[in-house]
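In what follows, chains are A, B, ... by sequence order, proteins preceding strands, each numbered from 1.
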Amino acid sequence: MLHGRGVAVRLTEVEAYLGERDPGSHAFRGRTRRNAVMFGPPGRLYVYFTYGMHVCANVVCSPEGEATAVLLRAGEVVAGHELARRRRTTSRSDADLARGPARLCVALGIRLDDDGADLGIAGEPGPSGEPGPSGAGAPGDRLRLEPGEPVAPARIRQGPRTGVSGEGGSAAYPWRFWIEGQPSVSPYRAHTPRRRPAAVRRPS
DNA sequence: AGCCGGATCCGCT
DNA sequence: GCGGATCCGGCTT
């Protein structure tokens, strides 16, 4: 369960990225400004910008110095539907509100400047961030990750990661996990290389 | 200084 | 099912 910003989501699909040895990981070529949070302490949000218009979020899972993270690919909105619908105006159904990593971020109001945010999962009270007078669930309350209802092991499925090019997208890295039969799980798509537009000669 | 491709989404066919 | 949108990070020159 990911709470905050007035919406709560039950995670239904994730992908694991296992540090610098993983060819599909942003950390594969070492630490950079963008992926620096991955190398930091666990329980923080790693948020990145992609395709010129989308943001996606990961939870850092490894001790400081390593760079393992879990990409939040999809979830089921379980509270704050109205607010989530307002943020996701193009969504045609509630199952689509957080179906896909960029959609999930929009539904939860996660932005690029949430990169590095402490999710408060280490049992620590968190950075002086009490729910506040507005109360939990109010817009602006801080993001936090909490255990949800246990999922029956028989319902958990595992397969290749979506949208990852090259070696990292192969069946050798079956580190996508999802809940069987959950409508919010995003459809699997193998990576399709983008053909870039032919160069246009512009008159001067 | 430039280029290339990307852990995607949406609308149209 | 397919292509366009749209721009930044990271690597090459």
Side-chain angles (χ1 to χ4, degrees), chain A residues 2 9 11-40 44-62 66-77 84-117 145 157-178 183-202:
Chain A
L2 188 54
V9 158
L11 298 169
T12 55
E13 180 189 0
V14 298
E15 281 174 5
Y17 289 86
L18 270 54
E20 295 182 84
R21 307 183 308 286
D22 177 355
S25 171
H26 286 176
F28 184 54
R29 296 185 197 282
R31 180 180 183 141
T32 67
R33 167 110 105 255
R34 176 174 69 155
N35 65 24
V37 169
M38 291 183 82
F39 289 83
R44 304 245 171 123
L45 208 58
Y46 164 52
V47 184
Y48 67 91
F49 181 77
T50 192
Y51 287 100
M53 60 189 86
H54 299 303
V55 299
C56 302
N58 300 248
V59 176
V60 178
C61 297
S62 47
E66 299 178 37
T68 292
V70 165
L71 171 69
L72 309 179
R73 282 204 57 89
E76 172 194 9
V77 173
R85 288 186 202 112
R86 237 178 295 147
R87 290 174 175 152
R88 290 263 309 120
T89 55
T90 57
S91 187
R92 302 293 270 157
S93 77
D94 281 2
D96 276 349
L97 287 172
R99 186 186 200 229
R103 293 167 170 182
L104 182 146
C105 285
V106 171
L108 280 162
I110 292 173
R111 301 180 309 166
L112 203 49
D113 55 20
D114 289 311
D115 189 37
L145 190 63
R157 294 290 179 276
Q158 176 175 3
R161 296 180 294 195
T162 298
V164 180
S165 64
E167 191 191 353
S170 73
Y173 298 85
W175 296 336
R176 172 181 179 241
F177 300 89
W178 68 97
S184 66
V185 170
S186 62
Y188 173 77
R189 297 198 208 296
H191 174 77
T192 50
R194 288 283 136 232
R195 195 174 59 190
R196 60 193 183 87
V200 178
R201 181 168 296 280
R202 185 172 298 282

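- The side-chain ring of A/Tyr51 is not stacked on the base of C/dA5, judged by centre separation under 5.5 angstrom and plane angle under 30 degrees.
- One atom, CZ of A/Arg189, and another, C1' of B/dC10, lie 11 Å apart when rounded to the nearest Å.
- When atom types are taken as modelled, the side chain of A/Glu15 and the backbone of A/Thr162 share a donor-acceptor pair closer than 3.5 angstrom.
- OP1 and OP2 of B/dT8 both lie 4.0 Å or more from every side-chain N or O belonging to A/Thr50.
- A/His26 has its NE2 atom 10 Å from the C1' atom of C/dG9, to the nearest Å.
- The A/Asn58 side chain lies nearest to B/dA7 when the options are B/dC9, B/dA7, C/dT6.
- One atom, CG of A/Leu71, and another, P of B/dG6, lie 16 Å apart when rounded to the nearest Å.
- For the pair A/Arg161 and A/Tyr17, the cation-pi criterion (under 6.0 Å, within 45° of the ring axis) is fulfilled.
- At the heavy-atom level, A/Arg176 lies nowhere under 4.0 Å from the strands shown.
- Across all strands, A/Arg29 comes closer than 4.0 Å only to sugar-phosphate atoms, never to a base (heavy-atom distances).
- Rounded to an integer number of Å, the gap from CG of A/Asn35 to C1' of B/dG6 is 15 Å.
- Following rounding to the nearest Å, A/Arg31 (CZ) and C/dG9 (P) show an atom-to-atom distance of 16 Å.
- Put simply, A/Tyr48 does not rest on the base of B/dA7: the two rings are not both less than 5.5 Å apart at their centres and under 30° in tilt.
- In this structure, A/Arg161 reaches neither bases nor backbone, as no heavy-atom distance under 4.0 Å exists between it and the strands shown.
- Protein atom CZ of A/Phe28 is 14 Å distant from nucleotide atom P of B/dG6, rounded to whole Å.
- Side chain of A/Arg34, nearest nucleotide from C/dG9, C/dC11, B/dG6: C/dG9.
- The side chain of A/Phe49 approaches C/dC8 more closely than any other nucleotide in the set C/dC8, B/dA7, C/dT6.
- A/Arg44 and A/Asp115 are not joined by a salt bridge, as no carboxylate oxygen comes within less than 4.0 angstrom of a charged side-chain nitrogen.
- When the nucleotides B/dC10, B/dT8, C/dC7 are ranked by their closest atom to the side chain of A/Cys56, B/dT8 comes out on top.
- When heavy atoms are screened at a 4.0 angstrom cut-off, A/Gly169 is found touching no nucleic acid atom at all.
- Contact between the side-chain N/O atoms of A/Arg103 and the OP1/OP2 oxygens of B/dC10 is found at a separation under 4.0 Å.
- A/Thr32 has a side-chain polar atom (N or O) that falls below the 4.0 Å cut-off from OP1 or OP2 of C/dG10.
- Side-chain to base pairing of A/His191 with B/dA7: no donor and acceptor N or O lie closer than 3.5 Å to each other.
- When only modelled atom types and interatomic distance are considered, A/Glu13 and A/Ser186 share a side-chain donor-acceptor pair under 3.5 Å.
- Residue A/Arg92 places no side-chain N or O under 4.0 Å from the OP1 or OP2 atom of B/dG11.
- Nearest nucleotide to the A/Val164 side chain, out of B/dA7, B/dC10, B/dC9: B/dA7.
- Spacing between atom CE of A/Met53 and atom P of C/dC8 amounts to 12 Å, rounded to whole angstrom units.
- Taking 4.0 angstrom as the limit, A/Thr162 places none of its side-chain polar atoms (N or O) nearer than this to OP1 or OP2 of B/dA7.
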